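This report refers to the structure that appears directly beneath it.
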Amino acid sequence: MRLLATTTLVCLLLVQGICAKAKAATIDLTQGQWEVTGSDIANWNGSDLVFETQVANGADFDITGYFDWYSNKTYRGRELFSGKYNSNGFLDFSGFQLIDPIRILLSDYQAEVLDTSQISNGTWRTGGIRGTWAATNPTAILEPNLPPTATVVPEPSSVFSMGIAALAGTIFKRRTKRKTIQ
């Protein structure tokens, strides 16, 4: 009985983790302008990132947008991109056009969306040049992705956790009662 309870608890926790990851790509990236920090052979802090579209495509999203690149507070041009925002919360996109470029090149980008206001663990590749980047969205920090009339409801995963705890408590309580009766 104890093995069954332990196995059930482990399976339910695993399912809860999977459910939490599945909601990762529900974040609307198109709200506001993202502030980029990044570097390769140059410092790109203060650059801007804008997601113009985020269109559902199965479990993932097709995304388009642009970077306005600044190096040492000097505008270096705009890079248009398109790609995917995957259901696991990861971004994978590529630049396809430069507008008024000054010492910038098209790149391929990867990163992880951590929440409505933070993208982290980003990398880019431009030929032999590799860089790292992250972005924050101050608009999302002040105005989370909730419509004005939205009611905050507990995440299904948190309700699920309470159910797991109640089930485990019931199983262990019954086991303890049986030992004292015998």
Side-chain angles (χ1 to χ4, degrees), residues 17-153 155 157-158:
I18 292 168
C19 290
K21 272 296 189 190
K23 72 178 179 98
T26 61
I27 295 170
D28 183 0
L29 301 173
T30 64
Q31 289 189 352
Q33 180 172 296
W34 297 77
E35 297 175 359
V36 176
T37 57
S39 64
D40 49 23
I41 56 175
N43 176 340
W44 299 100
N45 296 346
S47 296
D48 300 319
L49 168 61
V50 174
F51 293 94
E52 293 181 302
T53 65
Q54 178 177 331
V55 179
N57 184 356
D60 301 328
F61 290 90
D62 293 329
I63 56 171
T64 64
Y66 61 87
F67 284 99
D68 277 334
W69 288 113
Y70 292 86
S71 178
N72 299 319
K73 299 182 182 180
T74 302
Y75 183 70
R76 300 294 181 179
R78 178 171 285 187
E79 180 179 7
L80 306 180
F81 66 79
S82 65
K84 293 272 186 214
Y85 174 28
N86 298 304
S87 60
N88 62 6
F90 285 89
L91 294 167
D92 188 8
F93 57 91
S94 297
F96 65 86
Q97 181 180 355
L98 297 173
I99 299 171
D100 299 326
I102 302 169
R103 296 182 148 179
I104 62 172
L105 300 169
L106 295 173
S107 294
D108 297 314
Y109 301 86
Q110 288 80 39
E112 181 178 7
V113 178
L114 299 180
D115 57 40
T116 58
S117 63
Q118 190 174 12
I119 297 173
S120 189
N121 306 316
T123 61
W124 71 65
R125 293 183 315 277
T126 304
I129 301 172
R130 296 184 182 274
T132 59
W133 68 282
T136 56
N137 186 340
T139 306
I141 293 170
L142 299 174
E143 302 170 17
N145 287 342
L146 293 175
T149 58
T151 303
V152 177
V153 178
E155 288 287 334
S157 60
S158 64

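Note that the coordinates shown come from a computational prediction; the quantities given were computed from them, not determined experimentally. Values below: all heavy atoms of this structure, side chains included; hydrogens, waters and symmetry mates excluded.
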Give the table of side-chain donor-acceptor pairs shorter than 3.5 Å for residues 42-51, with sequence neighbours excluded, one pair per line with atom names and distance.
| unit_1 | atom_1 | unit_2 | atom_2 | d |
| --- | --- | --- | --- | --- |
| Asn43 | OD1 | Asn45 | N | 2.7 |
| Asn43 | OD1 | Asn45 | ND2 | 3.3 |
| Trp44 | NE1 | Asp40 | OD1 | 3.0 |
| Asn45 | OD1 | Gly38 | N | 2.9 |
| Ser47 | OG | Trp44 | O | 2.8 |
| Ser47 | OG | Tyr70 | N | 2.9 |
| Ser47 | OG | Tyr70 | O | 3.2 |
| Asp48 | OD1 | Gln33 | NE2 | 3.1 |
| Asp48 | OD2 | Gln33 | NE2 | 3.4 |

Between Asp92 and Asn86, is there a donor-acceptor pair closer than 3.5 Å when you use the side chain of the first and the backbone of the second? no
Is there a donor-acceptor pair under 3.5 Å between the side chain of Trp34 and the backbone N or O of Thr136? no
Approximate separation, where rounding is to 0.5 Å, of Trp69 CH2 and Ile102 CD1: 15.0 Å
Which heavy-atom pair separates Ala111 from Ile119 by the least distance, and what is that distance? CB-CG2, 3.5 Å
For Tyr109, which of Tyr66, Phe81, Phe93 qualifies under ring-ring contact (aromatic ring centres under 6.0 Å, His included)? Phe93
Could you check if a side-chain atom of Tyr85 sits within less than 4.5 angstrom of a side-chain atom of Ile27, using non-hydrogen atoms only? yes
Measure the spacing between CZ of Arg125 and OG of Ser94 and express it to the nearest 0.5 Å. 7.5 Å
Are Asp28 and Gln54 packed together at the side-chain level, in the sense that at least one heavy-atom pair is separated by less than 4.5 angstrom? yes
Between CD of Glu35 and OG1 of Thr139, what distance do you get to the nearest 0.5 Å? 8.0 Å
Gap separating the OG atom of Ser107 from the CD1 atom of Ile129, nearest 0.5 angstrom: 8.0 Å
What is the minimum heavy-atom distance between Ser87 and Ala59, and which atoms define it? CB-O, 3.3 Å
Mind checking the CG-CG spacing from Asp68 to Asp100? Nearest 0.5 Å is all I need. 10.0 Å
Could you give the distance from CH2 (Trp133) to OG (Ser120), rounded to the nearest 0.5 Å? 9.5 Å
Is there a side-chain contact between Leu106 and Glu79 in this structure, where contact means two heavy atoms from C-beta onward sitting under 4.5 Å apart? yes
Report yes if some heavy atom in the side chain of Asn57 is under 4.5 Å from a heavy atom in the side chain of Lys84; otherwise report no. yes
